[in-house]
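For reference, the structure discussed in these notes is given below.
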Amino acid sequence: MAKDYCVYHADKAANWNCVKCGSLVCQECFPAHAQSDRPPYCTLCGGDMRHLGVRNSMPPFWSQMPKFFAYPFALNGLVFLALLAALSIGAVKLFDTQSIVILLPIFVGVSLVIRQGLRVIEFTSQGRSRPPSIGELFDGNSTTLKMLGLLFAYSLLVRTAGHFGLLGLAAMIAFSVLLPASVMLLAIRGSLRDALDPAQVFQLAASTGWSYLGLVMVLLITSQGPQQAMQLLPASTLQHLAQSSPYLLLMMFVVSTAYFNMVMGAMMGYLLFQHHEDLGIRPDEQTSGTAPADNKALEMARAVILVRESRYDDALKHMAGMVSDHPNDIQVLEYHHKLLCQAGRDPERVVQYTERYLQALYDSRRKNRLTAAVDAARRVVPAYKPKSIALRVALAEEYFHQRQFKLAVELIGMLHKEAPASEEVPAALYLLARIYSEGVRDDGKALMVLDFLLQKYPNHPFTAEVTNYRKVILSLRQTAQAAG
């Protein structure tokens with residue numbers, strides 16, 4: 001099936017499609033929640049958005065073969081294989097292989113392999129990337145016995161069909177092809193009745209389309225894995241193990257069988273996850289990447305779409321509404337401010353919202369972003385200065401660190417006259433003296449500012465610090481004069 005791609009990201013598969021205007025967007029452009037009670041609306045036309053499902057964005061299962069064969073090597077998978085190996089060796093060591101009692105550990109081992117395979121299908125169908133742990137195998141559902149019942153039912157059907165010539169042969173092939181669908185139904189529903197229901201079996205196979213037939217072929221080949229793996233050993237080695245260490249030979253066969261069983265379970269589960277919306281499978285939110293609905297992220301994405309469509313006025317109106325809903329959100333204020341400054345058509349709003357954005361940055365201790373916001377605002381309002389004295393001092397300090405001394409002096413150079421009653425003036429004057437001395441290299445002006453500061457605010461808490469700074473400047477001047 002051909003994939004649909006996002007109109008804004010040509011390399012990304014689309015996740016959403018508008019039923020009205022046909023717009024195709026990916027999850028990045030339109031981060032809506034697929035499990036919403038009602039379809040989200042299209043940003044461009046207001047029509048309902050239809051979720052295309054992960055099958056449009058997930059690669060086909062046959063391209064993921066390396067991952068399937070690596071799947072059992074995850075920690076939980078290795079622990080399970082090690083447990084089976086220990087059980088196999090223990091069974092041979094502790095039980096007489098000629099006694100009927102040996103059937104007990106055999107049944108336990110077979111049950112564990114079956115249960116692990118079914119849980120792997122269930123886990124991967126929910127989008128989980130890790131195998132189930134030992135503890136997660138025992139959830140109270142007797143699917144192991146149900147699996148044995150399913151296999152017995154299918155063997156009975158195949159045996160019966162064998163008595164009807166060519167028609168029976170066709171039925172036998174059909175039963176073999178549909179067996180994986182029944183196994184998958186048993187894994188995700190836990191019901192033998194559902195797994196043997198022809199309507200549900202056919203529906204699952206039809207829902208997954210041609211991919212299901214491809215899966216059946218791959219499963220047929222993979223099921224031969226344990227025998228092929230054992231044949232990789234030289235005949236002499238196999239003979240030696242059979243004579244001297246039969247328990248090792250048994251352990252290798254059991255482990256390889258469990259390994260390929262997990263591989264096939266991962267394949268089946270992956271195909272189910274590709275179609276989980278159609279099959280009613282609820283993905284695991286913690287491990288499948290399905291995040292809870294984030295209305296703010298979606299509304300931000302709507303603004304980006306409007307900008308990409310050159311609908312700047314609509315984008316500004318949309319962001320103004322978001323600012324009302326999220327008055328202290330840095331991300332919202334930043335993008336709204338960016339659009340206002342880029343539009344450049346409303347200087348009054350630029351002044352109003354720049355002050356608001358700067359205050360939010362200051363309150364959240366993100367002072368390093370203050371100067372960029374002011375620089376953007378000044379492209380629209382060249383003489384812009386914040387009304388807040390605290391903001392102007394913080395901005396001057398940032399410009400000072402960036403060695404933009406002229407801009408720093410413009411902000412605080414006349415504060416002692418503009419706002420003589422402000423509590424920020426002493427700190428601003430001290431900063432101004434530092435700018436003149438350390439930045440502009442004009443110690444004369446720095447000393448004038450320090451003298452004024454000491455005279456105007458003799459009892460300020462940092463008077464001693466100002467006095468020491470003045471002494472340092474005088475000492476450096478004297479040293480420079482003597483050297484000159």
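Note that the numbering runs from 1 along the sequence shown for the chain. FYI, side chains are in, hydrogens and waters are out, and symmetry mates aren't considered; it's all heavy atoms of this structure.
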Subject >> Ionic contact status for Glu136 with Arg130, cut-off 4.0 Å >> reply: yes

Original post:
Under 3.5 Å, side chain of Ser182 to main-chain N/O of Ala195, donor-acceptor pair present?
Top reply: yes

Subject >> salt_bridge(Arg369, Glu334) N-O dist < 4.0 Å >> reply: yes

Original post:
If you round to the nearest 0.5 Å, how far is OG1 of Thr124 from NZ of Lys67?
Top reply: 13.5 Å

Under 3.5 Å, side-chain donor or acceptor atoms of residues 400-412 against the rest of the protein: list the pairs with distances, not counting sequence neighbours.
unit_1: Gln402; atom_1: OE1; unit_2: Gln404; atom_2: NE2; d: 2.9
unit_1: Gln402; atom_1: NE2; unit_2: Thr371; atom_2: OG1; d: 2.9

Original post:
ring-ring contact (aromatic ring centres under 6.0 Å, His included) with Tyr259: which of Tyr71, Phe73, Phe80?
Top reply: Phe73

Original post:
Taking NZ, NE, NH1 and NH2 as the nitrogens, is one of them in Lys296 or Glu299 under 4.0 Å from a carboxylate oxygen of the other?
Top reply: no

Original post:
Any side-chain donor-acceptor pair under 3.5 Å between Gln342 and Tyr312?
Top reply: no

**OP:** Classify the side-chain pair Asp329/Tyr335 by whether it contains a donor and acceptor separated by less than 3.5 Å.
**Re:** no

**OP:** On the 0 to 90° scale, with breaks at 30° and 60°, tag the Tyr270-Phe68 ring pair as parallel, tilted or perpendicular.
**Re:** perpendicular

**OP:** Could you label the plane-to-plane angle of the Phe69 and Phe260 rings as parallel, tilted or perpendicular, counting under 30° as parallel and over 60° as perpendicular?
**Re:** perpendicular

Subject >> Salt-bridge contact Asp194-Lys146 (side-chain N to carboxylate O under 4.0 Å) >> reply: no

**OP:** Keeping the roles fixed (side chain from Ser437, backbone from Ala433), state whether a donor-acceptor pair exists under 3.5 Å.
**Re:** no

**OP:** Not counting sequence neighbours, which residues clear side chain to side chain contact (heavy atoms under 4.5 Å, CB included) with Thr208? List them please.
**Re:** Tyr212, Leu271, His275

Original post:
Just by modelled atom types, is the Pro458 backbone N or O under 3.5 Å from a matching donor or acceptor in the Thr463 side chain?
Top reply: yes

Original post:
What is the ring orientation for Phe273 with His276, classed by angle as parallel under 30°, tilted 30 to 60°, or perpendicular over 60°?
Top reply: parallel

